[in-house]
Amino acid sequence: MGSKTSTGCKTLSGTSVASPVVAGAVCLLVSVIPEDKRKSILNPASMKQALVEGASKLVGPNIYEQGAGKPDLWQSYEILKNYQPRASVFPNMLDFTDCPYFWPFCRQPLYAGAMPVVFNATILNGMGVIGYVKDPPVWQPSEDVGNLLTVHFTYSDTIWPWTGYLALHMQVKDEGSQFSGIISGNVTLSIYSPAAEGESSPRSSTCVLYLKVRVVQTPVRSRRILWDQFHNIKYPSGYVPRDSLNVNNDILDWHGDHLHTNFHILFNMLRDAGYYIETLGSPLTCFDASNYGTLLMVDLEDEYFSEEIQKLRDDVVHKGLGLAVFAEWYHVDTMVKMTFFDENTRSWWSPLTGGANIPALNELLAPFGIAFGDKILSGDFSINGEQSHYASGTDIVQFPAGGFLHGFELQEDPKTAQNSSTPDTQNSQSQEKSKLSSILGMLEAGEGRIAVYGDSNCLDSSHMVTNCYWLLRKIVEFAGNGLRDPVLFSEATRLKFPVFENTQKPLRRPDVNFSMFSSVIGKELICHQDSRFEVWGTKGYGIQPTGTTRKLPEYQKNEVSSSPNRLIKSSYKRQDEAGLQKSILAPSANKFDDKRDYFGFISHEEVASQWMVPACFAVTTCILVYLSCRAQQRRRRPRKGSATGRLSSSV
């Protein structure tokens with residue numbers, strides 16, 4: 001609430017109006033502190049301590065929505081009036097049983113075998129501008145049962161200026177797989193700062209953080225879902241375009257694409273349905289597939305290590321992992337036309353990829369004979385009375401026999417229709433506004449199951465027109481538990497022959513330095529500190545060190561360009577695709593090669609490594625032996641007509 005420029009009051013929301021209100025509160029608090037004490041008491045950390053410790057918590061909003069709550073000037077003044085320089089941790093109490101304030105942590109309990117639950121707390125050091133953690137933090141459970149909880153810590157090496165972070169990585173031990181109950185205790189942390197002016201010894205302070213979590217027995221595999229967050233490229237600083245091209249007032253995909261941001265309704269829906277959802281913040285080699293029913297991959301923009309592609313294939317085919325993929329649009333000409341000049345950075349910004357990285361997804365799905373195209377489709381359709389809206393999604397252009405493939409009449413973007421059409425078909429396409437396009441496919445692959453869908457907007461609460469949570473539930477039931485919906489798996493949709501549209505598969509952009517924003521390209525394959533403790537710092541489960549990093553060979557660095565998003569070429573020419581296809585790390589467009597990938601579950605890299613090298617060696621050996629024999633023949637040529645000559649000729 002604030003005063004209107006004319007008369008009366010006005011209500012506004014957002015940081016643009018919250019920040020000046022807090023700034024005014026800070027000015028008032030400074031004014032009531034005696035001038036002779038201000039220098040020794042007031043600093044950014046002490047003022048924030050007074051603000052957050054004096055605030056009153058609101059009922060309803062969670063901690064990420066309200067922080068410490070509503071400012072209370074009088075309580076903050078009381079804190080500053082008697083303030084002694086100290087360090088503190090905010091929040092100083094983590095009660096994961098307190099809902100909705102500690103959502104999403106209170107929404108799902110901990111259990112053995114899960115990915116660590118990570119919470120980042122803030123260290124406020126009112127003792128000085130610089131500080132250090134004296135000793136590693138210590139977890140002290142209130143009862144013996146608290147020893148079932150392992151807490152690892154990562155924290156700021158140097159607390160500067162005034163603030164730092166303390167991350168708690170919480171994981172239930174395997175021996176707690178049958179435990180259900182509450183675990184509580186304290187985390188203690190000692191901070192010290194150099195002596196202030198006129199003091200002889202360093203300043204020190206001990207911080208205490210109270211922790212309370214709920215633990216349940218480890219759920220069955222079919223009820224456990226793993227959300228792939230690692231392959232999502234977050235804004236900033238890369239330009240990842242919006243997923244729905246019909247939303248013109250929001251050009252960036254800047255909401256995080258996270259379970260707890262623009263997919264929070266999906267998270268709550270799955271929890272209400274009895275599923276347990278964990279987040280994977282490391283490569284696909286860093287999780288044990290035998291623990292999960294479904295790997296959920298939604299709207300992903302990054303590339304994949306070759307080890308990830310190999311492991312995912314093995315996880316699905318041999319370990320029975322279910323895979324659910326929700327893709328997005330990808331069209332290079334459309335991406336190029338979305339380039340704009342950014343006044344803040346004084347540089348041209350061009351999309352790194354489309355709504356999703358279809359070339360990378362096609363590479364990941366190639367062993368199963370599945371591929372997406374580059375059409376941009378929109379429209380409404382229904383399945384068994386369930387209405388859905390397709391918003392700038394893509395199509396499925398390759399799918400193996402025996403699978404179930406659904407197609408609907410959808411509107412194709414005129415630009416993509418023109419690029420993908422031949423002269424003979426352009427006239428017919430101009431007369432009909434929509435045609436049948438495949439967008440949903442389901443398949444059993446070995447012991448596992450796969451479901452792919454060409455759009456994610458129906459799961460994203462940012463610009464959702466109609467949700468498709470009903471479809472997600474049916475997909476998860478199939479992928480994780482093998483349950484077949486009679487409509488989705490009707491005989492009419494079963495493929496007797498593989499689908500392979502004779503079109504060019506989407507290609508990567510050669511004019512964007514993708515490696516600057518990727519967690520894969522030019523990076524080392526390693527499991528980070530959000531993965532299970534036993535694989536921290538390794539390459540993951542069953543992966544041997546190779547010492548190689550993934551590269552995209554088609555990008556040519558331009559020394560003149562100082563902007564990571566700047567276009568090297570003024571336009572994208574489709575006639576260059578044939579040449580680029582030879583250099584990119586993508587599945588072959590050859591029809592028979594793709595069939596071989598699926599039916600044999602053998603990738604091109606394996607064929608090259610297992611057959612080409614031995615074959616070349618064998619051919620070379622034969623040539624050398626032949627030449628050696630001919631040379632010896634010439635040196636020992638016998639007399640014409642002799643028995644030795646006749647024997648040599650026959651040999």
Side-chain angles (χ1 to χ4, degrees), residues 113-118 152 154 167 169 171 224-234 238 240 256-259 277-319 321-327 352-353 356-368 448 450 508 514-552 585-586 603 605-606:
M115 291 290 172
V117 173
V118 184
H152 288 185
T154 53
H169 306 253
Q171 183 174 302
R224 294 177 63 178
I225 300 174
L226 188 63
W227 171 277
D228 183 1
Q229 189 65 36
F230 177 76
H231 295 96
N232 175 269
I233 297 181
K234 295 175 287 296
V240 178
D257 286 343
H258 194 280
L259 275 175
I277 312 98
E278 304 169 32
T279 301
L280 177 66
S282 292
L284 299 179
T285 59
C286 303
F287 78 97
D288 185 353
S290 62
N291 292 331
Y292 300 94
T294 305
L295 173 65
L296 188 54
M297 309 182 75
V298 180
D299 187 18
L300 301 179
E301 298 93 5
D302 212 335
E303 296 285 332
Y304 301 90
F305 292 101
S306 58
E307 294 90 341
E308 291 183 284
I309 299 174
Q310 170 74 26
K311 179 179 180 293
L312 182 62
R313 183 192 59 185
D314 293 340
D315 287 344
V316 173
V317 176
H318 302 300
K319 294 188 177 181
L321 177 69
L323 176 62
V325 178
F326 286 76
L352 304 175
T353 181
N357 191 340
I358 296 301
L361 279 176
N362 284 347
E363 206 172 83
L364 185 72
L365 296 172
F368 310 108
I450 302 172
R508 295 174 174 87
F514 197 80
S515 62
M516 294 191 64
F517 310 96
S518 172
S519 298
V520 176
I521 305 303
K523 309 300 190 302
E524 181 183 0
L525 173 63
I526 191 170
C527 298
H528 304 288
Q529 293 176 333
D530 49 12
S531 54
R532 295 278 300 173
F533 296 160
E534 58 264 25
V535 294
W536 276 19
T538 71
K539 293 183 178 295
Y541 294 92
I543 304 298
Q544 299 299 324
T546 60
T548 60
T549 56
R550 175 70 189 278
K551 297 180 180 179
L552 289 183
L585 297 174
S603 64
E605 289 81 359
E606 286 180 319

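These values consider heavy atoms only, across backbone and side chains, with no hydrogens, waters or symmetry-generated copies.
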*asked:* If you compare all heavy atoms of Asn232 against all heavy atoms of Asp299, which two are closest, and at what distance to 0.1 Å?
replied: ND2-O, 3.8 Å
_If we ignore hydrogens and angles and just use 3.5 Å, is the side chain of Lys319 paired with the main-chain N or O of Leu312 as donor and acceptor?_
no
*Who are the salt bridge (Lys or Arg N to Asp or Glu O under 4.0 Å) partners of Asp257, not counting sequence neighbours?*
none
*Taking all non-hydrogen atoms of both residues, which atom of Asp302 and which atom of Ala360 are closest, and how far apart?*
O-CB, 3.6 Å
*Would you find a donor on one side and an acceptor on the other, under 3.5 Å apart, between the side chain of Ser282 and the backbone of His528?*
yes
_Exam field: side chain Asp288 to backbone Tyr541, donor-acceptor pair closer than 3.5 Å_ = no
*If every non-hydrogen atom of Trp536 is compared with every non-hydrogen atom of Asp530, which pair is closest and at what distance?*
NE1-N, 4.4 Å
*Residue list, side chain to side chain donor-acceptor pair (under 3.5 Å) with His152, at least two apart or on another chain*: none
*Do the side chains of Glu301 and Phe517 get nearer than 4.5 Å, heavy atoms only?*
no
*When rounded to the nearest 0.5 angstrom, what is the spacing between OG in Ser518 and NE2 in His231?*
8.5 Å
*salt bridge (Lys or Arg N to Asp or Glu O under 4.0 Å) with Glu308: which residues, sequence neighbours excluded?*
none
*Checking Thr285 side chain against Lys539 main chain: does a donor-acceptor pair fall under 3.5 Å?*
yes
*Evaluate the ring planes of Phe230 and Phe305, with Trp represented by its six-membered ring, and classify them as parallel (under 30°), tilted (30 to 60°) or perpendicular (over 60°).*
parallel
